[in-house]
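For reference, the structure discussed in these notes is given below.
Hydrogens, waters and symmetry mates play no part in the numbers below; they use all other heavy atoms, side chains included. These numbers were taken from a predicted model, which means no experiment stands behind them.
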Amino acid sequence: RCRGSSDSNQDMEEHLSGKLTFGLRDGRFGKVPVLDFIAHSTGVDLFRAMVFDVFQGEIEIKKDFADFVNVYVSGSAARLVVKGNISLQGDLDIAVTPYLLPSLYKVVSDVKLASLLVKTAQGFLIVPVDIRVRGSYTKPVYRARPIPGHLLKEGGGLVMDVAGGVVRRG
C-alpha cells in the first residue's frame with residue numbers, strides 16, 4: 001500500500017511512503033547480471049540460473065528511497081539475502097549475501113572459496129564474500145570482497161538467522 005497525492009513528481013517524491021510486501025513461489029531467474037556476478041565471484045555456477053522455492057520480502061518506501069527489508073530468495077540448493085536501497089532517481093546501494101545448503105559442500109569443494117565456507121547454526125553454508133551493487137540502475141557497479149573468517153564466526157560481529165532471512169552486522 002502506498003499513499004500520497006501530488007501535482008508534481010517532486011512533490012510526490014517528498015511525500016511518498018508505504019510498504020510493499022511480496023512473495024513468489026516456485027520459479028527460476030532468467031539472466032540476472034548480479035547472479036552472473038555472484039557465480040563468477042564464487043565459482044558456484046548454480047547461482048547463474050537460480051531456481052527458487054520462495055522469493056519474498058518487504059520494500060519500504062520513504063521519501064525518495066525504496067529500502068529492502070527482509071528480502072530473500074530460497075531454493076533447494078542456495079539462498080540469497082538482499083539488503084540495501086534504491087533511490088527513486090535510480091541510485092543503487094545493495095548488498096547480497098549468498099548461502100549454500102550443506103549437501104552441496106562436496107559439489108563445491110573445488111570452487112574458489114570452498115576452504116572458507118562457514119556453517120551457520122541452521123545448517124547453511126555462508127559463502128564468505130560480500131557482494132555489493134552500487135552505481136545506478138542503468139550503470140551498476142559490482143564488487144566482491146572476501147569476508148574475513150573472524151567476522152563469520154560466533155562473537156565476531158555477524159549475527160546470522162538464515163531461516164528468517166536476517167543478516168546483521170553487530
Original post:
V32, F52: one ILVMFWY side-chain cluster at the under-4.5 Å cut-off?
Top reply: yes

Original post:
Is there a side-chain contact between I61 and S17 (heavy atoms, below 4.5 Å)?
Top reply: no

Original post:
Is it true that R134 and D91 make a salt bridge, defined as a side-chain N closer than 4.0 Å to a carboxylate O?
Top reply: no

Original post:
Side-chain contact, heavy-atom cut-off 4.5 Å: Y99 with V81?
Top reply: yes

Subject >> I131 and I94: CA distance, side-chain angles, deciding distance, side chain to side chain contact (heavy atoms under 4.5 Å, CB included) verdict >> reply: CA-CA 8 Å; I131 304 292; I94 299 171; over 6 Å; no

Original post:
Looking only at heavy atoms, what is the nearest atom pair of D45 and A39, with distance?
Top reply: CA-CB, 4.2 Å

**OP:** Could you grab the distance from atom CD of E60 to atom CG of N70, nearest 0.5 Å is fine?
**Re:** 9.0 Å

Original post:
Are I59 and I86 joined in one hydrophobic group, where the rule is that I, L, V, M, F, W and Y side chains link up if heavy atoms are under 4.5 Å apart?
Top reply: yes

Subject >> Sub-4.5 Å side-chain heavy-atom contact between S74 and D53 >> reply: no

Original post:
Are the side chains of Q89 and D64 in touch, meaning some heavy atoms are under 4.5 Å apart?
Top reply: yes

Original post:
Side-chain heavy atoms under 4.5 angstrom apart, residues restricted to Ile, Leu, Val, Met, Phe, Trp, Tyr: same cluster for F47 and L24?
Top reply: yes

Original post:
Quick one: does F29's side chain get under 4.5 Å of V73's, heavy atoms only?
Top reply: yes

Subject >> D67 and K83: CA distance, side-chain angles, deciding distance, salt bridge (Lys or Arg N to Asp or Glu O under 4.0 Å) verdict >> reply: CA-CA 8 Å; D67 292 320; K83 296 284 185 184; over 6 Å; no

Subject >> F22 ring center near F55 ring center (under 6.0 Å) >> reply: yes

Original post:
To the nearest 0.5 Å, how far apart are CE in M50 and CG in L35?
Top reply: 7.5 Å

**OP:** Could you tell me whether the side chain of V34 reaches within less than 4.5 Å of the side chain of Y142, counting heavy atoms only?
**Re:** yes

Subject >> salt bridge (Lys or Arg N to Asp or Glu O under 4.0 Å) contacts touching residues 24-35 (sequence neighbours left out) >> reply: K31-D36

Original post:
Is V82 linked to V51 within one hydrophobic cluster, defined over Ile, Leu, Val, Met, Phe, Trp and Tyr using a side-chain heavy-atom separation of less than 4.5 Å?
Top reply: no

**OP:** With sequence neighbours excluded, tell me which residues meet salt bridge (charged side-chain N to carboxylate O under 4.0 Å, His left out) with K139.
**Re:** none

